[in-house]
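The sequence lines fix the lettering, A, B, ..., with proteins before strands; numbering per chain opens at 1. A quick note: this is a predicted structure, and the numbers were derived from the prediction, not measured.
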Amino acid sequence: MNKELIHLKHVSKSFDGQLVLDDLDLVIHENEFVTLLGPSGCGKTTTLRIIGGFETPDEGQVIFDGIDITGLSPNKRNINTVFQKYALFSHMSIAENIAFGLRISKKPQSYIDDKIKYALKLVGLSGYEDRRPDSLSGGQQQRIAIARAIVNEPRVLLLDEPLGALDLKLRQDMQYELIRLKNELGITFIYVTHDQEEALTMSDTVVVMNQGYIQQIGSPEDIYNEPENAFVADFIGDSNIVDGIMVRDKLVRIFDVDFPCVDTGFGENKPVDVVIRPEDVILTSPSASPLTGEVTHLIFKGVHYEMEVTAKGFDWLVHSTRMYPVGTSVGISVDPDNIQIMNKPESVDEEAVPVDLWTEQEGEENA
Amino acid sequence: MKEQFRKMTYPYVLWISIMVLLPMLLIVLYAFTTYGNETLTLRFTLQNFRAFLTDTTFLQVLWRSLVIAAVTTILCIVLGYPMAYLIAQLGDTGNIIVILLITMPTWINMLVHTYAWMGMLQDGGLINQILSFVGIGPLKLIHTTTAVIIGMVYNFIPFMILQIHSSLASMDRDILNAAADLGANELQRFLRIILPLSVPGVLSGVMLVFLPAVSSFFIPRFLGGGQYVLIGNIIETQFLTAGDWNIGSAISLIMVVLIMVSIQMTKRINQNERSQG
Ligand SMILES: Nc1ncnc2c1ncn2[C@@H]1O[C@H](COP(=O)(O)OP(=O)(O)O)[C@@H](O)[C@H]1O
Ligand SMILES: [Mg+2]
């Protein structure tokens, strides 16, 4: 891991008496692609704005390269931001927008001209120098906002849901563009999104947030394969999350059926959350497993079949390349490696919020 | 459906025709005909315009009106802009209260303010008492250009402040954050972002101040004194005292043309501002 670049130390922030960030502690390394991921309203933008200097934390410190910058105004930070709604200067041409930071720092004209050319080429908009921002599409404006930020050679680029307003195809293209850009520039990216797929695709490190708390920090693989709590499991991809009892080390009881697993150290007869990804559920003949159920839904998804199996009152989501028609009786088994055991949340604060609730809200916001 | 809507606009169209279009047409008619046409003999002539444009007193008055309106407008910008800027910095509640305070005088008839200023600007009036107290006065204020300009600025500045304020308030905060993010300090943010983006607001303020200022007649009458005449007073006199509706109409028409030209020019400036930056 590279050298530590930014450290948010015990940062708290309230708006109108409402706690938005609660004792947040986060370390970001040089040249890392970090994504803050979480449902709308969980404090991602606020975190980013604190790093950029547009909000001051009520408590805690922001350390940048070993120096406390908590009270430093944004224009003195070696950080640039790509704002959620682009925030281009509508009274200036594209070239003047990109040149803005360079003119402030009094760079020579020839240097500015070169930089404009270079940045426009980098974002694939060469020849747009004299256009006006409002004559550009959303995706193009977004890329100009990126160009305007990077010509200043910041050590950190902050991006707040930069692809949120784009349609799916463009969004996917831009994801690859951003990864390419990041590699080309060799700087730190701090990226905010509520789209888990985007986070998993692009990041070195994903920070899953909920209600002002960090739920888990890890690589995309860690987050996906080993969610630390039910919220993360539920938020990242589809999951079966069931109540279980940890009978003893390496044995968990789900719906009165004992399943061998690999987790240890949870104690004996302790209630736990059990997460099983749909692709890890193995359907067998009813006689081959003590947990049996009936296929109630079946959809062909191209690569696999998506099925719902009702067993002991719980609807299991199953992805399989083998098809079982609706009405088939099946047995359910899971490889011990693929059973993920998690402690039940201890406090109300950590209590997982049902994901459908959040996705509904996101939908409304985007509409 | 659309047909229905159109029918519903008929009474409105009729109202507009009677209340606005007809008087306008009458003014045009009067301007191009000669005196003595109570029976509408309709003798067309350009004599009314010639009388105005060859009379140096008239032209001087026109020029003076334009200058005083321009000075008023500039003062409204110079005083109103910082005011609007400060208001925009206030929180939401403070904002509403101050806007209300600024709007309130405009609910009261302009005549009432002007009378009040007459009293305050008099030789022994409040302003002169204060001036003598601080050792500057007493000064001759009432019936001077200064008094007229004070009265006009007082009356028209709320419109300027409101226009500028609304253009400042509608500015996206993230635009300013973006400028700060790119290294601009407070002064640079003001000069490079806020000022150019508020030009449309200033221009619409200019229209709301300059146009009524150039044609106002009772502020110059009461604060400027009897001998102090602006173009609005001449029009008023022609209609009410001299009874020469033809010359009065001709002058009014000249003013309408001047105003339309200046509106067009303002629009042009606004568009250039937008397309060049
Ligand atoms: N300037 C502000 N004033 C008041 N409340 C705010 C402000 N900024 C954010 N909030 C509140 O803080 C919470 C977190 O907001 P935000 O950081 O924007 O979340 P996210 O970016 O994750 O959607 C939300 O409930 C939001 O309403
Ligand atoms: Mg946000």
Side-chain angles (χ1 to χ4, degrees), chain A residues 16 45 48-55 72-107 130-135 141 144-154 156-161, chain B residues 77 81 84-85 88-97 163-206 266-277:
Chain A
D16 315 318
T45 297
L48 208 65
R49 292 173 84 88
I50 285 174
I51 299 173
F54 310 112
E55 302 282 1
L72 199 68
S73 54
N75 51 319
K76 302 207 176 95
R77 299 186 182 200
N78 196 358
I79 296 174
N80 284 116
T81 308
V82 176
F83 289 85
Q84 193 160 3
K85 298 210 173 74
Y86 324 135
L88 295 180
F89 306 131
S90 58
H91 60 296
M92 297 179 188
S93 68
I94 295 305
E96 280 310 307
N97 266 276
I98 297 174
F100 190 87
L102 301 172
R103 290 213 193 288
I104 296 285
S105 56
K106 303 216 162 52
K107 293 282 190 300
D130 297 328
R131 296 279 290 270
R132 314 290 301 182
D134 48 17
S135 74
Q141 291 189 35
I144 297 303
I146 293 169
R148 182 179 67 175
I150 59 174
V151 289
N152 303 289
E153 301 179 358
V156 181
L157 190 65
L158 310 179
L159 303 106
D160 193 355
E161 311 222 10
Chain B
I77 297 175
Y81 200 107
Y85 186 73
Q89 313 292 314
L90 293 174
D92 275 344
T93 343
N95 206 315
I96 291 168
I97 293 170
Q163 290 303 313
I164 297 176
H165 174 262
S166 78
S167 80
L168 292 175
S170 64
M171 220 172 273
D172 185 356
R173 285 245 21 122
D174 270 348
I175 299 269
L176 296 179
N177 284 339
D181 189 76
L182 295 164
N185 62 28
E186 200 157 352
L187 181 66
Q188 288 165 326
R189 293 204 286 277
F190 179 76
L191 293 177
R192 296 181 191 215
I193 308 292
I194 300 177
L195 201 56
L197 283 178
S198 62
V199 166
V202 174
L203 288 180
S204 54
V206 166
T266 322
K267 275 192 186 155
R268 192 71 47 83
I269 297 173
N270 206 347
Q271 277 160 5
N272 282 354
E273 191 62 40
R274 266 172 208 202
S275 60
Q276 281 168 18

Going by distance alone, is a donor N or O of one side chain under 3.5 Å from an acceptor N or O of the other, for B:S198 and B:Y81?
yes

Under 4.5 Å heavy-atom distance to chain B, tell me which part of [X] shows up: side chain, backbone, both or neither.
X: A:N152; value: side chain
X: A:L158; value: neither
X: A:R49; value: side chain
X: A:L102; value: neither
X: A:T81; value: both

In terms of the angle between their ring planes, are B:F190 and B:Y85 parallel, tilted or perpendicular, with boundaries placed at 30° and 60°?
perpendicular

Quick one: of B:L176, B:N177, B:I175, who has the most non-hydrogen atom pairs under 4.5 Å with chain A?
B:N177

Any salt bridge (charged side-chain N to carboxylate O under 4.0 Å, His left out) pairs touching residues 77-101 of chain A, not counting sequence neighbours?
A:E96-A:R103

If only atom types and distance count, is the side chain of A:H91 paired as donor or acceptor with the main-chain N or O of B:R192 below 3.5 Å?
yes

Excluding sequence neighbours, so at least two apart, what forms side chain to side chain donor-acceptor pair (under 3.5 Å) with A:D160?
A:T45

